[in-house]
Protein chains: 2
Amino acid sequence: MGEYRTLPLDRLFVAVADPTRRAILARLSSSDARVTDLAADFPISLNSTSKHIKMLERAGLVRREVIGRDHVLSLNAAPLAEAAAWINHYKSFWDDRLAALEILVTKKRGIPKGRKKK
Amino acid sequence: MGEYRTLPLDRLFVAVADPTRRAILARLSSSDARVTDLAADFPISLNSTSKHIKMLERAGLVRREVIGRDHVLSLNAAPLAEAAAWINHYKSFWDDRLAALEILVTKKRGIPKGRKKK
DNA sequence: TCTATATTCACCCATACGGGTGAAGATATG
DNA sequence: CATATCTTCACCCGTATGGGTGAATATAGA
C-alpha cells in the first residue's frame, strides 16, 4: 500500500534522477529559455520536453513566466538546498577525516563499526 | 527512445527518491541490520524490503555481507559524495549571500527577478 | 537427517515514466 | 479576419516501480 504520501524531497530527487532533466537544469543555469528552445537543444520532441518541465516545476526547480505565447523558463535552485541538507546528514559517513574520527569513537566503545549483535 | 544509458547518478537519485529507502538508509546509519530486521521496522513485506535493498545496492549505497543464512547490510554513503558535488554546482544559485547580490544587480536594472528579455 | 528460519525467485497487479503522434488553444502577425 | 507559430492536452505504447503472494533454496540447529 502507498502508505507514504509524496514528499517534497521525493519530487525533488525524482526530478533530478533523469539525465535529460539535469541537462535542462544545466541549460537554464546559463540563461532562461522557452520550451521550444530546450526542445531544440535536446533530441526529444516538444511534448516530451513539456513533460520534463512539468516535473521540474512540480519539484520547484523551474519557474515559468508566460509572456504572450512564449513560456519563459528560469532556474530556481532553492529546493536543492533541502537535498543538500539531507545528503549533508550522511557526510560524516564518507568524509575521510570524519570517518577517521568516527572510528576513534567507536573503537573507544569496543564496537568494530556499527555492527550490532541482534 | 532511450538514448541515454543509465548513469551512476541516475541510479543514485532514483534510489534516494523513495521515502522508504531513505528511511532504510537512516536505519543503517545507526547500525547494520539484516533484511528481516529492516522488514520488521517498516510496514512492508520481506519481499518488498528485499527489492528496496536491491535498488540501494544498485546505487552502491548499501553493502551486503552474507554470514550463514543472514545477509547483513551496511551503509556505504560514499556514492552520496557525487550527488553532493552535483548539487554543489548549483549552490551559488540559492546561497543567501549570492542571492542577495543577485537581487541587487537585478534591482539596478529595474527587473523584478530573473526576468530576461529575449 | 529432519525441521525451522532466512532469503530469494517467479509471478501477479496497479501505477507512473518516457517517448511518440495528432488535435486543440493561445497568441502574434500580415 | 486569416494564418502561422507556440504550447498544451488527450491518447497510445513499452518499460520500470512498488506492492503483494506462494514456492524454492540455503543455512542453522536439534
Side-chain angles (χ1 to χ4, degrees), chain A residues 1-7 9-25 28 32-59 61-74 116-118, chain B residues 1-25 28 32-59 61-74 117-118:
Chain A
M1 300 87 163
E3 306 264 4
Y4 299 96
R5 75 176 191 288
T6 305
L7 304 169
L9 214 49
D10 292 28
R11 290 191 287 269
L12 190 86
F13 280 131
V14 165
V16 301
D18 184 273
T20 298
R21 288 194 285 269
R22 288 200 303 275
I24 288 176
L25 292 179
L28 290 179
D32 295 356
R34 298 170 304 162
V35 179
T36 306
D37 298 331
L38 296 176
D41 289 351
F42 305 101
I44 56 175
S45 71
L46 210 52
N47 309 51
S48 186
T49 307
S50 180
K51 287 183 188 177
H52 281 304
I53 291 169
K54 272 198 180 58
M55 297 196 70
L56 290 170
E57 282 186 295
R58 196 181 63 167
L61 290 169
V62 162
R63 282 179 180 159
R64 178 191 308 250
E65 188 183 4
V66 180
I67 304 178
R69 63 183 174 184
D70 294 345
H71 290 214
V72 178
L73 309 166
S74 60
K116 184 190 267 179
K117 240 344 181 345
K118 205 285 181 70
Chain B
M1 301 85 163
E3 306 264 4
Y4 299 96
R5 76 179 191 288
T6 305
L7 304 169
L9 213 50
D10 292 28
R11 291 191 286 271
L12 189 87
F13 280 131
V14 165
V16 301
D18 185 273
T20 298
R21 287 195 285 270
R22 289 200 302 276
I24 289 176
L25 291 179
L28 291 178
D32 295 355
R34 297 170 304 160
V35 180
T36 306
D37 298 330
L38 296 177
D41 289 350
F42 305 102
I44 56 177
S45 71
L46 209 53
N47 309 49
S48 186
T49 306
S50 180
K51 288 182 186 177
H52 280 304
I53 290 168
K54 271 198 180 61
M55 297 196 71
L56 290 169
E57 281 185 296
R58 196 180 65 166
L61 290 169
V62 161
R63 281 178 181 158
R64 179 192 307 251
E65 187 185 4
V66 180
I67 303 176
R69 64 183 174 182
D70 293 345
H71 290 215
V72 178
L73 308 166
S74 60
K117 231 11 178 321
K118 204 286 182 68

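Below, read A as the first sequence line, B as the second, and so on, with proteins coming before strands; counting in each chain starts at 1. Just so we're clear, the structure is a prediction, and the values are computed from it rather than from any experiment. Just so you know, these numbers use all the heavy atoms, side chains as well, and skip hydrogens, waters and symmetry mates.
- Residue A:Ser45 has a polar side-chain atom (N or O) positioned under 4.0 Å from OP1 or OP2 of C:dG20.
- Taking atom NE2 of A:His52 as the reference point, atom C1' of C:dG19 lies 8 Å away to the nearest angstrom.
- Residues passing the side chain to side chain contact (heavy atoms under 4.5 Å, CB included) test with A:Ala17 are B:Phe13, B:Val14, sequence neighbours excluded.
- Between the P atom of D:dT27 and the CZ atom of B:Arg34 lies a distance of 16 Å, rounded to the nearest Å.
- Proximity of B:Arg21 to the phosphate of D:dT17: no side-chain N or O atom is located under 4.0 Å from OP1 or OP2.
- A:Asp18 places its CG atom 15 Å from the C1' atom of D:dT17, with the value rounded to the nearest Å.
- Close to C:dC9, at under 4.0 Å from its OP1 or OP2, lies a side-chain N or O of B:Lys54.
- Here D:dC12 presents its P atom at 13 Å from NZ of A:Lys51, a figure rounded to the nearest Å.
- B:Leu7 is listed as a side-chain neighbour of A:Arg22, based on a closest heavy-atom distance under 4.5 Å.
- Remark: C1' of D:dG18 and CZ of B:Phe42 are 15 Å apart, rounded to the nearest angstrom.
- In terms of position along DNA chain C, the nucleotide closest to B:Ile53 lies nearer the 5' end than the nucleotide closest to the other residue of the pair A:Ser48 and B:Ile53.
- For B:Arg21, the salt bridge (charged side-chain N to carboxylate O under 4.0 Å, His left out) criterion is met by no residue, not counting sequence neighbours.
- Between B:Arg58 and the phosphate of D:dT17, there is a side-chain N or O to OP1/OP2 separation shorter than 4.0 Å.
- Using a 4.5 Å cut-off on side-chain heavy atoms (C-beta onward), A:Leu25 and A:Val62 make contact.
- When the side chain to side chain contact (heavy atoms under 4.5 Å, CB included) test is applied to A:Arg69, no partner is found at least two apart in sequence or on another chain.
- Residues that satisfy the side chain to side chain donor-acceptor pair (under 3.5 Å) test with A:Asn47, not counting sequence neighbours, are absent from this structure.
- The distance from atom CG of A:Asp10 to atom C1' of D:dT17 is 13 Å, rounded to the nearest whole Å.
- Residues satisfying the side chain to side chain donor-acceptor pair (under 3.5 Å) criterion with B:Asp70, sequence neighbours excluded, are absent altogether.
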Exercise. Reading nucleotides 22-30 of chain C from the 5' end, what letters show protein touch, with B for base, S for backbone sugar-phosphate only, - for no heavy atom under 4.0 Å?
Worked result: B----BS--
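- In this structure, B:Phe13 places its CZ atom 18 Å from C1' of C:dC17, rounding to the nearest Å.
- A:Leu46 has its CG atom 11 Å from the P atom of C:dG20, to the nearest Å.
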